[in-house]
Amino acid sequence: MTVEPKAPHGASGPDLGEPAALPHALRVRISHPRPDAIVVTLVGEVDGATVERFEDALLPRLSAGVRLIVVDLVAVGFLGVAGLALLDYTCHRARAGEFAVRVVVRDREIKHALHKAWLDESIDCYPSVQAALEPNESPI
């Protein structure tokens with residue numbers, strides 16, 4: 001039986017203000033290093049309480065007409081189920097579309113989370129943003 005991935009959804013609830021006010025803050029930065037690529041850099045923790053911020057930054061980029069989306073997880077200290085589900089959904093969209101997704105990861109625990117979720121087989125991981133942006137660079 002094949003299960004189609006569904007778009008993850010953020011937790012509903014009261015507005016908790018800026019991320020700095022949250023106990024498990026997540027900061028997101030978007031950059032455009034070249035016209036055909038977008039880099040989504042995350043700093044903090046990606047869990048059920050913060051995934052909506054990641055989702056709000058990432059999902060609109062899936063239809064932005066770029067050829068490459070790089071998700072930089074180097075400064076992520078925790079990647080929970082909600083973040084893993086969002087990455088899985090993004091990779092499914094990439095395979096169905098005309099763009100590639102590359103993930104920058106160095107932390108052993110983040111690599112382990114990707115492995116436990118079986119995402120290390122479907123996500124191309126790179127040691128740096130620069131390596132992920134190189135057209136002929138092989139994943140780690």
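Keep in mind that the numbers below use all heavy atoms, side chains included, and drop hydrogens, waters and symmetry copies. All values derive from a computational prediction rather than experimental measurement.
- With sequence neighbours excluded, no residue satisfies salt bridge (charged side-chain N to carboxylate O under 4.0 Å, His left out) with Arg29.
- Across Val66 and Pro35, no two heavy atoms sit closer than the pair CG1-O, 4.1 Å.
- Counting only heavy atoms from C-beta outward, the side chains of Leu79 and Leu87 approach each other to under 4.5 Å.
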side-chain contact (heavy atoms from CB on, under 4.5 Å) between Arg34 and Leu133, worked out:
CA-CA 9 Å; Arg34 57 182 207 230; Leu133 288 169; 3.8 Å; yes
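- In this structure, OG1 on Thr90 lies 12.0 Å from CZ on Arg61, to the nearest 0.5 angstrom.
- With hydrophobic clusters built from ILVMFWY side chains whose heavy atoms lie under 4.5 angstrom apart, Leu73 does not share a cluster with Val129.
- Taking CD of Glu55 as the start and OG1 of Thr50 as the end, the distance is 11.0 Å to the nearest 0.5 Å.
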Given Arg102 and Cys125, is the side-chain contact (heavy atoms from CB on, under 4.5 Å) satisfied, shown in steps?
CA-CA 6 Å; Arg102 295 179 174 181; Cys125 294; over 6 Å; no
Can you list the steps and then say if Ile38 with Val70 is a side-chain contact (heavy atoms from CB on, under 4.5 Å)?
CA-CA 6 Å; Ile38 293 174; Val70 175; over 6 Å; no
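- Each of Ile30, Val101, Leu42, Leu86 was checked for a side chain to side chain contact (heavy atoms under 4.5 Å, CB included) with Leu58, and the lone residue meeting it is Leu86.
- Counting only heavy atoms from C-beta outward, the side chains of Leu84 and Leu119 approach each other to under 4.5 Å.
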Pair Asp47-Phe78, side-chain contact (heavy atoms from CB on, under 4.5 Å): steps then yes or no:
CA-CA 7 Å; Asp47 58 19; Phe78 177 79; 3.9 Å; yes
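- Summarising the geometry, atom CG belonging to Asp72 is positioned 9.0 Å from atom OG belonging to Ser128; distances are rounded to the nearest 0.5 Å.
- Pairing each heavy atom of Leu68 with each of Phe99, the nearest pair is N-CB, 4.5 Å.
- Here the side chains of Tyr89 and Leu62 are in contact, with some heavy-atom distance below 4.5 Å.
- For Arg67, the CZ atom is loosely surrounded, since the number of other residues' heavy atoms within 6.0 Å does not exceed 12.
- When all heavy atoms of Val39 and Pro33 are compared, the closest pair comes out as CG2-CG, 3.7 Å.
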Let me check something: any side-chain donor-acceptor pairs from residues 104-116 under 3.5 Å, sequence neighbours excluded? List them with distances.
from: Arg106; atom 1: NE; to: Pro127; atom 2: O; distance (Å): 2.8
from: Asp107; atom 1: OD1; to: Glu109; atom 2: N; distance (Å): 2.8
from: Asp107; atom 1: OD1; to: Ile110; atom 2: N; distance (Å): 3.0
from: His115; atom 1: ND1; to: Asp120; atom 2: OD2; distance (Å): 2.8

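- Residues Val74 and Val103 are members of separate hydrophobic clusters, defined by side-chain heavy-atom contacts under 4.5 angstrom among Ile, Leu, Val, Met, Phe, Trp and Tyr.
- Linking ILVMFWY side-chain heavy atoms closer than 4.5 Å, directly or via other members, places Val71 and Val43 in two distinct hydrophobic clusters.
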